[in-house]
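Notes for the one structure printed next.
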Amino acid sequence: MLNLDPEEVAKLPHYPVTRRCPYEIPEVYTRLRTEEPVSKVVMSDGQPVWFLSRYEDVRAVLSDPRFGADRLAEGFPNLALGQREGLSKQPKFMISMDGAEHSAVRRRVISDFSVRRVAELRPTIQKLVDDCVDRILDLPQPVDLVAELALPVPTLLLAELVGANHADHAYFIDLVHRMLWRKTSGEERVQISIGLRKYFDDLIAEKEAHPGDDLISRQIALQREETGEIDREGLNSLAQLLLIAGYESSASMIALGVHTFLTRPDWLAAIRTDPARTSVAVEELLRFYSILDVAAGRVALEDVEIGGETIRAGDGVMASVFAANRDPSAFPDPDRLDLERGARHHVAFGYGPHQCLGQNLSRLELQIVFDTLFARVPTLRLAVDEADLPFKYDALAFGLYELPVTW
């Protein structure tokens with residue numbers, strides 16, 4: 001663990017850094033990238049860690065096996081109160097594994113998220129989105145698109161993938177929302193972890209007795225065939241990971257994306273004229289907002305030199321994907337939303353062996369939502385002034401709490 005003098009710690013920037021504008025990167029990120037790209041910050045529990053803000057440094061650390069992802073390891077950056085204790089009550093998540101252990105678990109499920117498999121889900125996603133839009137059109141105006149579209153689509157899709165009951169999606173939304181809220185107490189975060197584990201323990205038991213056409217049932221069948229035994233701990237952690245990572249990131253990007261199109265008529269006209277450009281817009285939106293800046297923590301497993309600084313074994317590291325995605329060395333004029341950019345090399349989904357497993361699914365989901373919504377509701381517009389929109393400045397994942405619209 002990085003040991004510093006208390007006076008030096010007191011002078012460090014605090015992390016996570018609170019955004020104050022949906023479009024601008026915090027000034028401290030830009031200053032550190034320019035003046036001290038391998039610097040230090042202090043986490044909310046008082047732990048000092050290294051902070052990386054250059055695109056090349058972030059990619060180097062996230063793909064370097066000398067940096068571990070075990071969130072219970074001494075020195076790993078602790079994002080929120082109760083995080084470490086909550087994780088100790090859970091089976092080990094894939095994102096906390098390294099090396100051969102991580103590769104073996106990821107290999108088991110990666111085919112479910114391949115481009116081909118995700119493409120087969122297009123009709124399922126399209127129906128979920130159409131059903132939500134049908135319901136929206138029947139509601140009195142204005143309608144909150146976060147509650148009626150951004151939250152239901154990813155949670156219902158993830159419930160479909162793991163074979164959970166669609167009626168439980170409100171339960172998922174409540175638990176994950178509270179888990180990712182910065183102000184959730186440590187004790188409450190632990191209780192949320194216990195609740196999620198119990199839910200998926202029951203679901204796995206049900207799938208063992210009554211298998212269906214879903215990811216959990218397929219994994220159970222595969223394990224029975226290979227070893228004759230079922231890894232219930234591993235299945236539980238996989239289901240939770242899909243829910244937590246897939247729900248919040250997709251919901252936030254749907255809301256931010258709709259907001260962006262509604263406030264940039266040129267973007268909206270471009271995808272209406274040529275829907276093929278929606279995929280390009282999605283990549284730029286992912287880069288620009290970088291909503292999961294907090295996701296890329298690591299701990300050094302041995303001494304490593306990065307940018308002229310020696311990071312010692314046991315030191316925690318935060319590799320900022322937000323700062324990296326606004327690095328002008330990788331993205332010219334990075335603080336401008338540019339539909340023509342071609343930002344596919346962004347690191348919003350991370351980089352290296354832990355790069356987001358569900359990125360193909362997320363991309364397709366966003367494209368279908370944007371194309372469907374603006375085709376079916378061509379007069380859609382904000383129902384409040386943009387300045388009155390409640391952005392999630394106090395959450396671990398950036399987004400919108402509400403998006404009131406009319407048509």
Side-chain angles (χ1 to χ4, degrees), residues 1-17 28-29 32 36-54 56-103 105 179-180 182 186 189-190 193 237 241 244-245 292-324 347 350-355 396:
M1 181 181 292
L2 190 57
N3 291 313
L4 300 178
D5 183 278
E7 291 187 6
E8 186 178 355
V9 172
K11 296 176 183 176
L12 296 178
H14 285 251
Y15 191 90
V17 175
V28 66
Y29 281 20
L32 289 177
E36 192 181 2
V38 183
S39 55
K40 304 180 190 75
V41 296
V42 60
M43 307 301 293
S44 53
D45 63 352
Q47 175 195 358
V49 302
W50 293 96
F51 182 78
L52 307 180
S53 48
R54 281 193 310 210
E56 289 302 329
D57 290 341
V58 167
R59 295 213 320 170
V61 164
L62 295 183
S63 59
D64 191 331
R66 294 174 297 176
F67 290 91
D70 184 355
R71 282 150 172 77
L72 293 179
E74 188 73 17
F76 192 94
N78 196 19
L79 281 173
L81 297 176
Q83 172 186 296
R84 194 178 300 274
E85 188 178 357
L87 287 173
S88 71
K89 310 286 185 189
Q90 297 282 7
K92 192 173 185 180
F93 288 104
M94 179 168 42
I95 57 172
S96 283
M97 299 174 183
D98 292 311
E101 181 186 24
H102 172 256
S103 298
V105 173
M179 177 174 281
L180 295 176
R182 283 191 195 179
R189 208 177 297 279
V190 172
S193 294
S237 70
L241 180 62
I244 297 170
L292 285 175
D293 184 44
V294 298
R298 293 291 186 271
V299 60
L301 303 178
E302 58 185 272
D303 292 356
V304 183
E305 183 175 320
I306 299 287
E309 295 279 1
T310 299
I311 297 176
R312 302 292 181 188
D315 287 355
V317 180
M318 285 305 307
S320 173
V321 297
F322 190 18
V347 288
Y351 189 72
H354 285 282
Q355 192 169 24
L396 292 176

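Throughout, numbering of the chain's residues begins at 1 and tracks the sequence. Excluded from the calculations below are hydrogen atoms, water molecules and symmetry mates; all remaining heavy atoms, backbone and side chain alike, are included.
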Could you tell me whether a side-chain N or O of His354 sits under 3.5 Å from a main-chain N or O of Asp98, the two making a donor and an acceptor? no
Are [X] and [Y] close enough that some pair of their side-chain heavy atoms sits under 4.5 Å apart?
X      : Y      : result
Val317 : Ile311 : yes
Met43  : Asn78  : no
Tyr351 : Val58  : no
Leu292 : Val321 : no

Can you see which heavy atom on [X] is nearest to which on [Y], and at what distance?
X      : Y      : result
Gly307 : Val38  : CA-CG2, 4.1 Å
Pro77  : Gly297 : CG-CA, 4.4 Å
Ser63  : Pro65  : O-CD, 3.6 Å
Leu12  : Pro48  : CD1-CB, 4.0 Å
Met318 : Val294 : CE-O, 3.7 Å
Pro13  : Lys40  : CD-O, 3.6 Å

Run Leu52 and Val61 through side-chain contact (heavy atoms from CB on, under 4.5 Å) and show every step you take. CA-CA 9 Å; Leu52 307 180; Val61 164; 3.2 Å; yes
Results of salt bridge (charged side-chain N to carboxylate O under 4.0 Å, His left out) for Glu309 - residues two or more places apart only: none
With Asp57, which residues qualify under salt bridge (charged side-chain N to carboxylate O under 4.0 Å, His left out), at least two apart? Arg54
Output for pair (Leu79 CG, Gln47 CD), nearest 0.5 Å, gives 10.0 Å
Quick one: CE on Met94 to OG on Ser237, what's the gap to the nearest 0.5 Å? 7.5 Å
With sequence neighbours left out, which residue pairs that include part of residues 64-78 fulfil the salt bridge (Lys or Arg N to Asp or Glu O under 4.0 Å) condition? Asp64-Arg66
If a pair satisfies salt bridge (Lys or Arg N to Asp or Glu O under 4.0 Å) and one of its residues is in residues 293-304, list it, with sequence neighbours excluded. Asp303-Arg312
N/O donor to acceptor pairs below 3.5 angstrom from side-chain atoms of residues 3-10, sequence neighbours left out:
residue: Asn3; atom: ND2; partner: Met1; partner atom: O; Å: 3.4
residue: Asp5; atom: OD1; partner: Glu7; partner atom: N; Å: 2.7

Residues that Glu36 engages under side-chain contact (heavy atoms from CB on, under 4.5 Å), provided they are two or more places apart: Leu32, Ser39
Pairing residues for Phe51 by the ring pair (Phe, Tyr, Trp, His ring centres under 6.0 Å) criterion, not counting sequence neighbours: Tyr15, Tyr29
